[in-house]
Amino acid sequence: MRLSEPRRALMRIAPLLGVVAASGGCAAEDLPPLGQVVLFVDTDAPLPPPPGEAEGPDDLPALFDTARVDVFSADGQCAPCSHEFSVDRDRIGANASLGILPRPGAAGDIARVRLFRAALLTQNEPRWDSTIDVAFALPAVAEGDIEEVTVFLPTDLAGHPLSDLASPLQPEKGRPKKPRVGTWPGAQRVSCAEAAAPDEVCVPGGAYWMGNPSLTTAQLTEPADQQRLVVVQPFFVDRTEVTVGRFRASGLASAQDPRRASELGGKALTDWCTYTETPTGLEEMPINCISWLKAREFCLSAGKDLVSEARYEFVAGALRSWDFVWGRDDASCADAVFGRGGHGILSAIAYAPCKPSEGIGGPLFVGSGARDAFTLPTGTIVDLAGNLSEHALDVWNAQGEPCWTAGVHHDPLCTQQGAVPAAHGVRGGNWVGTRRHLLAARRRVMEESDWEPYVGFRCARPGG
């Protein structure tokens, strides 16, 4: 059934009960005595607190904040039928309804109901990849009768539109009987089943939006603007990127991996490597110039593994899909370690706002970024945005390849070969990158045997 331009004689939609009327809309008392469908909107998704109430530290992050209802007649024509309203923990379920005035006795009317985030509208349309979008059949009502129905929007349908007007779902009869907002199992915070080791932090399980609509091809080589709803089980992650001293103690260094630091004044990339043949004053520096293969060997030897892309972004977005681990605002040079190129063979890098006046730049000791830290009850995780980018466990798949489809993903780990052979994801910004590279959703690809002075790693293990 196709959608078309509005036709004014078919039906009207009017806000009732908990919904504020749109400008210019009809109030319920102004309407003629037609039959009426009272449509209640309900969901199990976490929603924001009511206006004027701040989000608490223990509140589940809101996944949606706006609902839109469009009503169509049996032939697919749309009457003056669209209404959009904000939803929150109070304005949902029994407190969120619309009065719909169909043609008396007519069957086949359909309501398309969408739940989305208002900030992500594109040309006044919600993004399909992060919207719950369902079509429901409306009951026929006689003149003067009132029929109450509830349309339930389950979070598990996010990114999987069911808005086919030819095959609408049946709504629940009556109004919601009990609150369901925030009951979606995937969003619940789940703590680790055991205590964290001294070098680890427990990251509780939960749900978040993976991907950032601002990270398009125009800004980055590898876009990450498509979104999916990800459920993560609790896990332990290293407090810091693995240091030179910690790696040295493992005895896993080979002749060429990691590459050794050189002293050529910036004439070679190895001048920015932190590993030395014998201990120096760099033991508390994060190790770089190391391949994915050697990094994973270290993690496995410690009974752990590299951090998956989904786990990394969950923490780097402060468990709330923030742009940065500290929030939404850009970093200064003191906040995180970035923009420190511009010397030696990196002198052609035009972007170097944090270029040091002495030396050749490079990474800094772990925890040097004043705001590049995320504190949880079991400890603080540092250098999630900058200092070194980090090898991720996943096999590399770009957007559009099989691993990163829309919908709900549970502890995703990409193991399917993509277009780039023997390659894996790299997460986080680094000491030579831009402010935009510090974004939690930023990702790029690197072959598993390659090394860079901008890339290190940390380890993780399940906490369930």
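Side chains included, hydrogens not; waters and symmetry mates left out as well; all remaining heavy atoms used.
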Hey, does [Y] have a side-chain heavy atom less than 4.5 Å from the side chain of [X]?
X      : Y      : result
Trp209 : Arg228 : no
Pro286 : Val366 : yes
Phe136 : Thr150 : no
Ser214 : Arg436 : yes
Val69  : Leu39  : yes
Pro402 : Asn397 : yes
Val307 : Leu393 : no

Pairing donors with acceptors under 3.5 angstrom, does anything connect the side chains of [X] and [Y]?
X      : Y      : result
Asn430 : Glu390 : no
Asp257 : Ser254 : no
Asn288 : Thr274 : yes
Asp44  : Thr183 : no
Asn212 : Asp323 : yes
Trp292 : Asp450 : no

List the atom of [X], the atom of [Y], and the distance in Å for their closest heavy-atom pair.
X      : Y      : answer
Phe64  : Thr131 : CE2-CA, 4.5 Å
Ala295 : His391 : CB-CD2, 4.1 Å
Gly93  : Asp42  : CA-OD1, 3.6 Å

Report task. Would you check, one step at a time, whether the test side chain to side chain donor-acceptor pair (under 3.5 Å) holds for Asp394 with Ser308? Result -> CA-CA 6 Å; Asp394 304 68; Ser308 71; 4.7 Å; no

Going by the side chain to side chain contact (heavy atoms under 4.5 Å, CB included) test, name the single residue among Phe457, Trp451, Phe247 that passes it with Lys294.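 Result for side chain to side chain contact (heavy atoms under 4.5 Å, CB included) with Lys294: Phe247.
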
Quick one: does NZ or CZ of [X] land under 6.0 Å from the six-membered ring centre of [Y], within 45 degrees of the ring axis?
X      : Y      : result
Arg259 : Trp272 : no
Arg180 : Phe152 : yes
Arg248 : Tyr275 : yes
Arg443 : Trp396 : yes
Arg427 : Tyr312 : no

- Message: Phe235 vs Arg311, test: side chain to side chain contact (heavy atoms under 4.5 Å, CB included). Steps then yes/no.
- Response: CA-CA 8 Å; Phe235 62 97; Arg311 285 175 170 176; 3.6 Å; yes

Check: Taking the six-membered ring for Trp, is the centroid-to-centroid distance between Tyr454 and Trp431 below 6.0 Å?
Finding: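 Between Trp431 and Tyr454, which both carry aromatic rings, the centre distance is below 6.0 Å.
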
- Does His160 use its side chain to pair, donor to acceptor, with the backbone of Leu157 at less than 3.5 Å? no

[atom2] on [Y] to [atom1] on [X], rounded to 0.5 Å:
X      : Y      : atom1 : atom2 : result
Glu200 : Cys192 : CD    : SG    : 8.5 Å
Arg444 : Ser389 : CZ    : OG    : 5.0 Å
Arg458 : Phe298 : CZ    : CZ    : 12.5 Å
Gln226 : Trp128 : CD    : CH2   : 6.5 Å
Asp271 : Ile360 : CG    : CD1   : 5.0 Å
Leu63  : Leu47  : CG    : CG    : 8.0 Å

Does the pair [X]/[Y] count as a salt bridge with the N-to-O cut at 4.0 Å?
X      : Y      : result
Glu55  : Arg89  : no
Asp133 : Arg127 : no
Arg246 : Asp199 : yes
Asp305 : Arg296 : yes
Glu125 : Arg68  : yes
Asp238 : Lys304 : yes

Could you go step by step and tell me if Ile381 and Leu376 meet the side chain to side chain contact (heavy atoms under 4.5 Å, CB included) rule? CA-CA 8 Å; Ile381 310 165; Leu376 287 162; 4.3 Å; yes

Item to complete: Evaluate the side chain to side chain contact (heavy atoms under 4.5 Å, CB included) criterion for residues Phe338 and Thr434: first the C-alpha distance (whole Å), next the side-chain angles of each, then the deciding distance (0.1 Å), finally the verdict.
Response: CA-CA 6 Å; Phe338 72 101; Thr434 69; 5.9 Å; no

Tell me if the CD atom of Glu53 is crowded by more than 12 foreign heavy atoms within 6.0 Å.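 Atom CD in Glu53 is crowded, with more than 12 foreign heavy atoms closer than 6.0 Å.
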
Side chain to side chain donor-acceptor pair (under 3.5 Å) for Ser82 and Asp70? Distances and angles first, verdict last.
CA-CA 4 Å; Ser82 185; Asp70 299 290; 2.7 Å; yes

Margin query: Please evaluate residues Leu169 and Val134 with respect to the criterion side chain to side chain contact (heavy atoms under 4.5 Å, CB included), reporting the C-alpha separation (whole Å), side-chain torsions for both, the decisive distance (0.1 Å), and the verdict.
Written below: CA-CA 8 Å; Leu169 301 182; Val134 187; 3.5 Å; yes

